[in-house]
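Lettering of chains follows the sequences in order, A, B, ..., and the numbering in each one begins at 1. Nothing here was measured: the structure is a model prediction, and the numbers come from that model.
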Amino acid sequence: MSILVTPETRVLVQGITGTFGARHTRLSLDYGTRIVAGVTPGKGGQRFDGRVPIFNTVVEAARETGATASVIFVPPPFAADAILEAVDAALEVVVCITEGVPVADMIRVKRAMEGRPTRLLGPNCPGIVTPGDGPGRQSGCRMGIIPSHILRRGHIGVVSRSGTLTYEAIWQLTQRGLGQSTCAGIGGDPVFGTSHVDILKMMNEDPDTHGIILIGEIGGTSEEDAAAWLREHGRKPVACFVAGASAPEGRRMGHAGAIVSSGKGTAQAKIDALRAAGASVARLPSEIAEALIRIM
Amino acid sequence: MNIHEYQAKQLLARYGVPSPPGEVAAAPEEAGAIADRLIAAGEKRLVVKAQIHAGGRGRGRFKNGSQGGVRLCSTASEAAAHARAMLGEVLVTRQTGPEGRRVNRVLVESASDITREFYLAVILDRAIARPVVVLSTEGGMDVEEIAEKHPEKIVREPVDPAAGFMPYQARKLAARLGFTGDMLVSASSLIVGVFRTWWETDATLVEINPLCVVQQADGHASLVVDAKMSFDDNALFRHPEIREMRDLGEESPLEIEASEHNLSYIKLAGNIGCLVNGAGLAMATMDIVQSVGGEPANFLDVGGSANKEQVKAALKIILKDPGVQGIWINIFGGIMQCDIIAQGVVDAAREIGPLEVPLVVRLAGNNSDLGNQILRESGLPILSADGMEEAARKVVEAVTCCR
């Protein structure tokens, strides 16, 4: 098992014909992901690389191909519309890779999604991968931009607000022979679909996940919320790393959500909360896998 | 993006939110002329306010020794003299840091006859993903200080984005401030206007501190006496008129240059320049530098799919910072290939000329062996490292020994 997506998940891509979307769709197809449809308004009826059918609308693509999950690569001004189109089509999982979505758009999207069954990851995230165990480590479900060559099927769950730090952690695990059940990027924006806690709950219940790596950064309260939840419900070993201890207050550190304001959202407060909840804290980003191995 | 007080007041005015009468001036004569017009309109007391993107101006001090970025006066010649004392001078406040900010404009305004002061702000509450109108009966003070000492004096009104901010919510807040009668009606409409300003301009912050009840010839009125606004950079594409308000004089020249190359760069005060791909890794890189005894000179994220040109531009910007004594390039080749980055580093180093500071490169992931080989064979004085801690130590040690 795994969480949210499995190698069997049928995936559609919104923005499949853009440069970025096309490139990562090819990489996912190479990885064995079941990309069954693309959506680009106006290009319905065409085929992507001669093999993936393109539709004008998400609802049509889902109906015709049985897709239950979508990955979004559209430019920021159109991301909110793309997310809600996928929600309207009642897809189960929607992953928004787009960086730079206006906060006000996400406030409206969050509100419109209340009570709907769709789960959103991101925006501004590297996506989600459930590695496969096919030949050459292939046949996994790769939605987004996580490099596939660093992955390996196994039993460690990874949840993170940052892209490259996720890759660092996955790479460290794979090099030490520890594979991954599912790796989920939740994104670096201030308003997002899925939190650390949402993913922890699923990983806690997933029999295939034996240990969890949680990567956080300054700003907001997602890590503190995760700590509070872990303290009450955590049943599996958790190692964590929180970036931004040296960041000055009041400046956005690359990610729109990575900001310490009025003394709130500091790395230290998050680290303290996670440690108090029993998590093993990596002092350095190069020691994330070690921090988990120590307690497993 | 931040804007000046006078710009915030102009925006608020478009949403029917009143401020005291006044205008902005870039020269002392202009300030005098504005003062003349205000006095002719019946204003008795005026205030001259330095326009910089930082709070604490009133208690600030100019580098030339003179005191106060907010000064009262009652004649046009006094107003011109105050403006002359401020314009072109560097003002240091508790928010500017010791380097201060140069004053290029002053706001000349009617000095209100204040009877009561409040605090009013609109912010995003990230925990509930909704806007919140925040109000306090203690105006003029630092809101963090109020929150700490008198949490009971802060009222928060979350806004449902589907319904919008409803008039009853504004009336509830106005009543909480003790307003009755006509004042309740006018204060409610002011609060609605402040919220609309936040919502319709894609602001991240509107802060009115203080919001004042002032004595006017025909009774009382509530007015915005000071205002601060910041905006969501990601939404500026749909607000060209707000983008026009950007004041490059308030930004670090290196940050401006970086933004022209689509690099996410923040200038800091340390000695180790950092060039990294990915915001999370860039933050973590700064953290490691600090943990081994160095101080990061900057945050720099070249992005997940950076090319040779961006690496070159990034390296040049880091080298322009006079505080930089050593550089650490930290790359995880996920989608990017390490050999391409290595080639970019080598090309950039050759083009820039002899490297006068130690350069440590740590490559991991895709083609990292090939990348390290390119660095080794370049003949350039580039130190490579496998681990992050090793890289951080190498650059910090190189800087310490060369000093």
| request: Please look at Asp287(B) and chain A and tell me whether the side chain, the backbone, both or neither of the residue comes under 4.5 angstrom of a heavy atom of that chain. | output: both

| request: Return the minimal non-hydrogen interatomic distance between Ala256(A) and Asn234(B), and the atom names on each side. | output: CB-ND2, 4.3 Å

| task | Name all residues meeting the side chain to side chain donor-acceptor pair (under 3.5 Å) criterion together with Asn367(B); count only those two or more places apart in sequence or in a different chain, and write none if there are none. | result | Gln337(B), Asp339(B)

| task | Examine whether an atom of Pro190(A) lies under 4.5 Å from a heavy atom of chain B, and if so say whether it belongs to the side chain, the backbone or both; otherwise answer neither. | result | both

| Selection residues 120-131 of chain B - residue pairs positive for salt bridge (Lys or Arg N to Asp or Glu O under 4.0 Å), sequence neighbours left out | Glu114(A)-Arg130(B), Asp125(B)-Arg156(B)

| Segment of Asp233(B) engaging chain A (4.5 angstrom heavy-atom cut-off) | neither

| query | For the candidates Gly244(A), Pro76(A), Pro126(A), which exhibits the highest count of non-hydrogen atom pairs separated by less than 4.5 Å from chain B? | reply | Gly244(A)

| Toward chain B: residues of residues 285-293 of chain A with heavy atoms under 4.5 Å | Pro285(A), Ser286(A), Glu287(A)

| said: To check you understand the geometry: which heavy-atom pair defines the closest contact between Arg111(A) and Pro161(B), and what is its length? | reply: CB-CG, 3.6 Å

| Most contacts with chain B, counted as non-hydrogen pairs under 4.5 angstrom, among Gly219(A), Gly163(A), Ala247(A), Ser222(A) | Gly219(A)

| Portion of Val103(A) that has a non-hydrogen atom of chain B nearer than 4.5 angstrom | both

| task | State plainly whether the residues Arg238(B) and Asp105(A) are in salt-bridge range, i.e. N to O under 4.0 Å. | result | yes

| Rounded to the nearest 0.5 Å, what separation is found between the CZ atom of Phe332(B) and the CD1 atom of Ile170(A)? | 8.0 Å

| said: Salt bridge check, Arg362(B) against Glu168(A): does any charged N sit closer than 4.0 Å to a carboxylate O? | reply: yes

| message | So which residue, Ala112(A), Gly263(A), Gly257(A), Ala258(A), ends up with the most heavy-atom pairs under 4.5 Å with chain B? | response | Gly257(A)

| query | Under a 4.5 Å heavy-atom cut-off, does chain B meet the side chain of Ile107(A), its backbone, both or neither? | reply | both

| said: Less than 4.5 Å to any heavy atom of chain B: does that hold for the side chain of Pro77(A), its backbone, both, or neither? | reply: both

| Which bit of Thr204(B) comes within less than 4.5 Å of chain A, counting heavy atoms only: side chain, backbone, both or neither? | side chain

| With a 4.5 angstrom heavy-atom cut-off, which part of Leu281(B) approaches chain A: side chain, backbone, both or neither? | both

| message | Between Lys264(A), Glu99(A), Arg251(A), Arg161(A), who has the most heavy-atom pairs with chain B when the cutoff is under 4.5 Å? | response | Arg251(A)

| request: Answer with side chain, backbone, both or neither: which region of Ala129(B) has an atom nearer than 4.5 Å to a non-hydrogen atom of chain A? | output: both

| Per-residue contact mode, Arg252(A) against chain B (heavy atom under 4.5 angstrom) | both

| field | Residue part contacting chain B, namely of Phe241(A), when any heavy atom lies under 4.5 Å | value | side chain

| note | Between Ala235(B) and Pro102(A), the two heavy atoms sitting closest are CB-CB, 3.8 Å

| field | Candidate pair Asn277(B) and Thr164(A), rule side chain to side chain donor-acceptor pair (under 3.5 Å), full reasoning | value | CA-CA 7 Å; Asn277(B) 66 330; Thr164(A) 32; 5.2 Å; no

| request: Could you list the residues that satisfy side chain to side chain contact (heavy atoms under 4.5 Å, CB included) with Asp81(A), not counting sequence neighbours? | output: none

| query | At a heavy-atom separation under 4.5 Å, does Ile331(B) approach chain A through its side chain, its backbone, both, or neither? | reply | neither

| query | At what distance, to the nearest 0.5 angstrom, does OG of Ser246(A) lie from CG of Leu268(B)? | reply | 7.5 Å

| remark: Residue from Leu236(B), Ile266(B), Asp202(B) scoring the most non-hydrogen pairs under 4.5 Å with chain A is Ile266(B)

